[in-house]
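Report on the structure given below.
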Amino acid sequence: MVIPYESERENMELHPMIKPNLSSSVKNYLYKYIRSLDLGGNTKLPPENELSSNLGVSRVTVRRALDELEKEGIVLRIHGRGTFVNPEALNIQVNLMPGEEFSRLIESCGYKATVEVADVRKLKAEDKVARILQLEDGEEIYEVEKIYLANGHPAIISIDRFACSLAGDDLQREAVEGKSTFDILRKSGGCFIVRDKIRIETMNRMEMEQETVCGRKMECDSVLVFHGINYNQDNRPVIYDTEFYDTKYIKFSLLRVKNVYEDEI
């Protein structure tokens with residue numbers, strides 16, 4: 001299968017890429033490419049060797065990326081026929097699996113997104129955070145708290161915690177406005193986030209308000225909470241984040257791939 005040029009269609013093209021942690025980067029790149037396709041007709045992807053050549057990476061890297069997309073149900077692999085896009089998976093507006101910037105997440109749910117920086121604070125890391133981020137005793141961290149609005153209504157609160165040594169000793173509110181923590185750490189210290197580990201729970205309003213500065217602005221009685229540990233290219237934990245979602249505005253879906261055999265039923 002030959003990938004058409006831009007003059008032949010408006011879909012995103014596959015070009016060589018230079019990024020850290022190629023397996024994860026190729027997966028995210030392919031996911032975006034798949035989302036750009038017009039799937040009204042053929043849903044078959046190019047073979048692995050063609051994807052490898054177009055992206056400028058090894059076939060092994062492409063195979064690992066496709067393995068992950070298959071586990072998430074984004075693609076279907078049929079022995080002897082090839083790899084196909086799962087159109088049903090693309091009908092899901094917000095997938096629980098792939099990470100997505102919060103403003104785009106809100107827009108994916110059909111709302112206009114705006115963001116406010118609620119607080120940037122510098123403090124000594126409490127024991128739990130120091131343990132998670134593998135910090136020295138007494139080491140200081142930044143906590144960056146933002147609130148994301150959907151059509152003017154509070155929808156997400158995010159709190160990012162990371163060592164001051166990764167971003168300098170004088171991080172101001174102006175420096176985080178319009179920028180993600182990922183961007184700040186990448187530009188200040190060459191730190192790339194390549195994966196995260198998430199724990200999910202629910203919180204009532206009182207618990208949320210105890211954890212946040214701007215929790216009182218939320219309009220819900222309970223929230224869905226993601227606790228995430230983000231790892232860099234050296235597999236070190238560098239950001240511990242907490243995300244609070246009002247599920248009136250942010251609705252997640254999860255497509256699960258089943259591997260159930262008759263003798264297990």
Side-chain angles (χ1 to χ4, degrees), residues 12 17-33 35 57 65 68 72 94-109 113-123 125 129-130 132-135 139-149 155-200 212-214 225-245 250 252:
M12 173 183 171
M17 54 194 297
I18 302 175
K19 292 186 178 182
N21 188 30
L22 281 178
S23 182
S24 295
S25 296
V26 169
K27 172 196 167 185
N28 292 332
Y29 199 81
L30 287 175
Y31 180 78
K32 292 177 181 178
Y33 167 71
R35 298 285 300 190
V57 298
E68 290 297 315
E72 295 173 12
V94 180
N95 195 337
L96 189 60
M97 298 296 290
E100 190 167 10
E101 195 273 330
F102 296 123
S103 293
R104 288 197 296 270
L105 186 66
I106 290 171
E107 290 167 356
S108 297
C109 293
T114 52
V115 57
E116 300 173 1
V117 178
D119 196 22
V120 178
R121 43 194 181 264
K122 183 178 181 182
L123 65 161
V129 176
I132 290 173
L133 296 180
Q134 300 177 6
L135 304 178
E139 191 167 348
E140 291 186 314
I141 63 167
Y142 288 113
E143 289 188 349
V144 177
E145 182 170 338
K146 296 180 180 180
I147 185 165
Y148 294 80
L149 308 164
I156 305 170
I157 296 174
S158 72
I159 303 176
D160 291 334
R161 307 170 187 86
F162 51 93
C164 292
S165 58
L166 295 176
D169 291 327
D170 191 31
L171 185 66
Q172 300 295 319
R173 179 187 295 261
E174 295 77 16
V176 303
E177 289 180 342
K179 296 180 181 177
S180 71
T181 300
F182 297 164
D183 289 336
I184 293 170
L185 297 190
R186 183 172 65 249
K187 292 177 181 177
S188 63
C191 179
F192 292 86
I193 305 302
V194 298
R195 69 181 181 91
D196 64 1
K197 181 172 65 175
I198 300 292
R199 177 173 62 86
I200 303 175
T212 64
V213 167
C214 57
V225 184
F226 288 9
H227 300 279
I229 305 173
N230 297 262
Y231 296 83
N232 69 2
Q233 66 270 34
D234 299 318
N235 202 35
R236 291 186 57 85
V238 292
I239 304 173
Y240 174 51
D241 65 69
T242 308
E243 306 158 8
F244 306 84
Y245 295 92
I250 309 299
F252 292 101

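FYI, the numbering just counts along the sequence from 1.
Contacts of E139 classified as salt bridge (Lys or Arg N to Asp or Glu O under 4.0 Å), with partners at least two apart in sequence or in another chain: none. Residues forming a side chain to side chain donor-acceptor pair (under 3.5 Å) with D196 (at least two apart in sequence, or on another chain): none. Applying the salt bridge (Lys or Arg N to Asp or Glu O under 4.0 Å) criterion to R173, with sequence neighbours excluded, gives no partner residue. Among residues two or more places apart in sequence or in another chain, the side chain to side chain donor-acceptor pair (under 3.5 Å) test is passed with D241 by N230. With sequence neighbours left out, the side chain to side chain contact (heavy atoms under 4.5 Å, CB included) criterion links A155 to I106, A150, Y249, I250. Under the side chain to side chain donor-acceptor pair (under 3.5 Å) criterion, E68 pairs with no residue, sequence neighbours left out. The salt bridge (Lys or Arg N to Asp or Glu O under 4.0 Å) search around E243 returns none, not counting sequence neighbours. For Y148, there are no side chain to side chain donor-acceptor pair (under 3.5 Å) partners at least two apart in sequence or on another chain. Checked against salt bridge (Lys or Arg N to Asp or Glu O under 4.0 Å), E177 has no partners two or more places apart in sequence or in another chain. T212 is linked by a side chain to side chain contact (heavy atoms under 4.5 Å, CB included) to E145, I157, I159, M208, F244, counting only residues two or more places apart in sequence or in another chain.
One finds the CG atom of L123 at 5.0 Å from the CD1 atom of I141 (value rounded to the nearest 0.5 Å). For the atom pair E101 CD and S158 OG, the distance stands at 9.0 Å (nearest 0.5 Å). Atom OG of residue S103 and atom NZ of residue K146 lie 8.5 Å apart, to the nearest 0.5 angstrom.
Between I200 and F226, some side-chain heavy-atom pair lies under the 4.5 Å cut-off. Taking the side chain as every heavy atom from C-beta outward, L105 and Y245 approach each other to under 4.5 Å. Side chains of K122 and L171 form no contact here, defined as non-hydrogen atoms less than 4.5 Å apart.
When each of I132, V144, L185 is tested with I239 by the rule side chain to side chain contact (heavy atoms under 4.5 Å, CB included), just one qualifies, namely L185.
Side-chain atoms of S188 come within 3.5 Å of backbone atoms of L166 as a donor-acceptor pair (strictly under, hydrogens ignored). The closest donor-acceptor contact from the side chain of E140 to the backbone of C164 lies at 3.5 Å or more, if one exists at all. Panel note: side chain D234, backbone R236; no donor-acceptor pair is recorded below 3.5 Å. The backbone N or O of E174 lies less than 3.5 Å from no partner atom in the side chain of Q172, so there is not a single donor-acceptor pair.
Each ring-ring contact (aromatic ring centres under 6.0 Å, His included) pair with one or both residues in residues 157-180, not counting sequence neighbours, appears once here: Y142-F162. A salt bridge (Lys or Arg N to Asp or Glu O under 4.0 Å) check over residues 160-171, counting only residues at least two apart or in different chains, returns the pairs E143-R161.
Other residues, nucleotides and ligands place no more than 12 heavy atoms under 6.0 Å from the NZ atom of K179.
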